[in-house]
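Report on one structure; see the data block that follows.
Chain A is the first sequence line, chain B the second, and so forth, proteins listed ahead of strands; every chain is numbered from 1. Worth saying up front: this structure is predicted, and the values here are computed from it rather than measured.
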2 protein chains.
Amino acid sequence: MSMPDPAAPKPRAGRRKDPAAPRQRLLPGDRQHMILEGAISYFAEYGFDGRTRDLARHLGISQALLFRYFPSKAALIDRVYDVVFLNRWSPAWEQLIADRTQPLSTRLKAFYKDYNRSIDRYEVIRISLFSALRGESISERYFTRIRERLIQPIVLECRHALALAGPSDRPVSSHEEQLVFSLHSTVIYGIMRKHVFHQAGVEDPDFMIELYVDGFMAGARDAFARVQAHLAAKDARANTLATP
Amino acid sequence: MSMPDPAAPKPRAGRRKDPAAPRQRLLPGDRQHMILEGAISYFAEYGFDGRTRDLARHLGISQALLFRYFPSKAALIDRVYDVVFLNRWSPAWEQLIADRTQPLSTRLKAFYKDYNRSIDRYEVIRISLFSALRGESISERYFTRIRERLIQPIVLECRHALALAGPSDRPVSSHEEQLVFSLHSTVIYGIMRKHVFHQAGVEDPDFMIELYVDGFMAGARDAFARVQAHLAAKDARANTLATP
DNA sequence: TGCGTAAATGAGCGTATGATTAATAACGGC
DNA sequence: GCCGTTATTAATCATACGCTCATTTACGCA
């Protein structure tokens with residue numbers, strides 16, 4: 001049992017550990033922005049269970065500094081979500097899809113080329129997945145928005161372009177959404193193969209998107225018609241059972 | 001400052017905390033199997049950063065027992081990978097795809113219906129994603145196998161069924177793989193929407209798969225031909241540049 | 001050149017983690 | 001019913017985590 005030596009100098013907090021690397025003093029706005037960008041890169045790589053000490057080392061700052069600019073790790077993650085989800089939506093997409101002065105295939109090609117460019121980023125696709133796997137509500141809201149503002153409008157444009165029978169304002173069926181998702185999936189999953197599964201990326205993405213859209217449009221009339229027939233048959237069966 | 005009371009009974013390890021819930025004594029094989037199944041469910045829900053204490057509580061056993069049956073958390077995770085990746089492959093798929101006694105569209109419909117049924121499980125799709133995001137090598141090997149044993153064979157069958165010009169044994173191009181992946185993506189991403197993004201699942205999956213395959217086959221001739229022309233043009237350009 | 005402000009830091013707090021160990025108790029054989 | 005075997009457990013360990021705080025020090029301004 002030994003008492004601490006009262007003559008020993010008390011360790012002094014705040015002293016530089018490595019005098020060769022001078023401490024950088026930034027404007028608070030710049031430092032906050034730098035931390036947020038670094039957090040996006042770090043969490044995209046290691047997931048949200050990554051460590052704050054490790055993140056700080058990647059940033060070249062002390063761990064304590066993170067908590068000066070963000071009250072908690074959870075608050076930092078929320079700001080990461082804001083950047084990845086909220087700031088990555090172009091209102092032009094919805095207008096482009098609905099612009100009937102151009103043929104639908106032209107619109108779809110232009111939309112998916114731009115959409116692909118916008119989300120084909122390592123950080124975006126991985127943080128989306130990490131947050132979806134965590135069951136974050138912002139993630140579910142984001143995917144609901146994709147359905148309501150992209151997929152369902154495209155369904156309506158398909159109905160119009162194909163001049164399908166039936167009232168044009170009837171609700172979009174799940175099956176119709178799935179048809180449009182077959183095109184959407186191709187683009188998204190191509191990006192996931194690259195950034196999540198580390199396979200080779202899609203070469204000539206703009207060229208391939210033209211092929212995908214032309215393939216989709218070539219089969220669309222038949223597919224939508226069969227979906228309508230399928231649903232009509234289902235309805236008929238349900239009515240028969242309901243009034244025997 | 002008080003010394004521990006020497007008269008106080010020393011806490012006795014191994015005693016039941018809750019005598020109302022009697023301790024279950026299983027055969028080692030059964031217990032190991034039970035832990036492994038529980039670990040698959042647990043890690044599928046919470047990811048591999050989930051806690052061993054939490055897993056043990058889900059299983060209704062003590063945390064220490066996990067380490068009697070698996071030397072470490074990492075070893076348990078490895079066994080989870082074995083079950084999810086290695087035991088979930090049907091050799092019949094490769095035979096089915098290559099069986100030229102049936103039309104290609106029939107084979108693709110049968111294959112994707114079975115494939116969809118096999119991997120449309122919460123645990124499988126989520127654990128695949130968690131491990132891919134971690135960059136596990138078993139995950140990359142698994143996706144390489146999908147390319148080599150499913151995607152590339154389908155490309156070869158497309159070449160044969162469409163009677164495309166060109167030597168039939170030339171290497172499968174990246175662009176051709178991307179075309180087949182457009183069909184594959186539709187199935188996989190539909191499952192991911194359900195189990196990862198918590199959206200409504202695909203209704204009537206078998207019916208929808210028939211639509212997807214028919215749509216793919218309808219556009220396949222044009223798409224493969226344009227890919228060949230695209231690559232030929234690229235080659236010509238490269239040769240022109242190489243020998244000016 | 002010196003000084004005050006506040007940005008940045010090292011050390012430390014309480015808790016939780018993966019893993020270990022000695023104590024307990026369930027079950028089969030007699 | 002007793003007993004030995006061993007499956008199961010409570011308690012504990014060393015470390016790592018998110019977070020706090022007193023101390024240090026970079027920089028703008030005089």
Side-chain angles (χ1 to χ4, degrees), chain A residues 4-5 8-36 38-39 42-43 46-80, chain B residues 4-5 8-36 38-39 42-43 46-80:
Chain A
D5 180 3
K10 183 186 174 189
R12 295 183 299 168
R15 195 183 27 189
R16 271 192 274 124
K17 203 180 249 178
D18 176 10
R23 167 188 296 189
Q24 274 210 59
R25 188 188 174 102
L26 299 189
L27 291 178
D30 293 349
R31 179 65 82 190
Q32 177 152 357
H33 182 260
M34 168 211 178
I35 291 176
L36 188 51
Y42 178 82
F43 288 132
Y46 299 103
F48 294 113
D49 291 308
R51 294 100 201 234
T52 55
R53 278 176 175 80
D54 205 26
L55 165 58
R57 210 179 44 241
H58 276 73
L59 284 163
I61 63 174
S62 70
Q63 183 222 20
L65 196 58
L66 297 176
F67 293 91
R68 180 168 185 83
Y69 289 95
F70 299 91
S72 67
K73 181 184 177 184
L76 173 57
I77 290 175
D78 281 345
R79 298 283 294 113
V80 168
Chain B
D5 179 2
K10 184 186 176 192
R12 296 183 297 168
R15 194 184 29 187
R16 271 191 274 122
K17 202 179 247 176
D18 176 10
R23 167 189 294 190
Q24 274 209 62
R25 189 189 173 102
L26 299 189
L27 291 178
D30 294 348
R31 180 64 83 190
Q32 177 153 358
H33 183 258
M34 169 211 177
I35 291 176
L36 188 51
Y42 178 82
F43 288 133
Y46 300 103
F48 295 113
D49 291 309
R51 294 98 200 241
T52 55
R53 276 175 178 78
D54 206 25
L55 164 59
R57 209 179 45 240
H58 276 73
L59 285 164
I61 62 174
S62 71
Q63 183 228 16
L65 197 58
L66 296 175
F67 293 90
R68 180 163 187 86
Y69 288 96
F70 299 90
S72 67
K73 181 184 176 183
L76 173 58
I77 290 174
D78 281 345
R79 298 283 293 113
V80 168

ask   = Tell me: CG of B:Leu26 to P of C:dG28, nearest whole Å?
value = 12 Å
ask   = Of the residues in residues 52-60 of chain B, which ones touch DNA chain D at a heavy-atom distance under 4.0 Å?
value = B:Arg53
ask   = Tell me, which of residues 62-70 of chain A have any heavy atom that sits under 4.0 Å from an atom in DNA chain D?
value = A:Gln63, A:Ala64, A:Phe67
request  = Report which part of the nucleic acid A:Arg51 touches: base, sugar-phosphate, or nothing (heavy-atom distance under 4.0 Å, all strands).
outcome  = sugar-phosphate
inquiry  = Heavy-atom nearest nucleotide on DNA chain D for A:Ala74 versus B:Leu27: which residue maps closer to 5'?
reply    = B:Leu27
request  = Verify side chain to side chain contact (heavy atoms under 4.5 Å, CB included) between B:Tyr69 and B:Leu36, making sure each step is shown before the conclusion.
outcome  = CA-CA 10 Å; B:Tyr69 288 96; B:Leu36 188 51; over 6 Å; no
request  = Please report, rounded to the nearest Å, how far the C1' atom of D:dC17 is from the NZ atom of A:Lys73.
outcome  = 9 Å
query = Shortest non-hydrogen contact from A:Arg51 to A:Tyr42?
reply = N-OH, 3.1 Å
Test log, rule side chain to side chain contact (heavy atoms under 4.5 Å, CB included), inputs A:Leu66 and A:Leu59 = CA-CA 10 Å; A:Leu66 297 176; A:Leu59 284 163; 4.0 Å; yes
task = I would like to know whether A:Arg31 and A:Gln24 meet side chain to side chain contact (heavy atoms under 4.5 Å, CB included); could you show each step before the answer?
result = CA-CA 10 Å; A:Arg31 179 65 82 190; A:Gln24 274 210 59; 3.9 Å; yes
request  = Examine distances only and state if a side-chain atom of B:Lys73 and a backbone atom of B:Phe48 form a donor-acceptor pair shorter than 3.5 Å.
outcome  = yes
ask   = Any N or O donor-acceptor pair linking the side chain of B:Arg23 to the base of D:dT8 at under 3.5 Å?
value = yes
5'-most by nearest nucleotide on DNA chain C - B:Arg25 or B:Asp49 = B:Asp49
query = Taking all non-hydrogen atoms of both residues, which atom of A:Val80 and which atom of A:Ala39 are closest, and how far apart?
reply = CG2-CB, 4.1 Å
Closest contact, heavy atoms only, A:Leu26 versus A:Met34 = CD1-SD, 4.3 Å
note = Taken to the nearest whole Å, CD1/A:Ile35 to P/D:dC19 is 14 Å
task = Search all heavy atoms of B:Ile35 against all heavy atoms of B:Leu65 and return the closest pair with its distance.
result = CD1-O, 4.3 Å
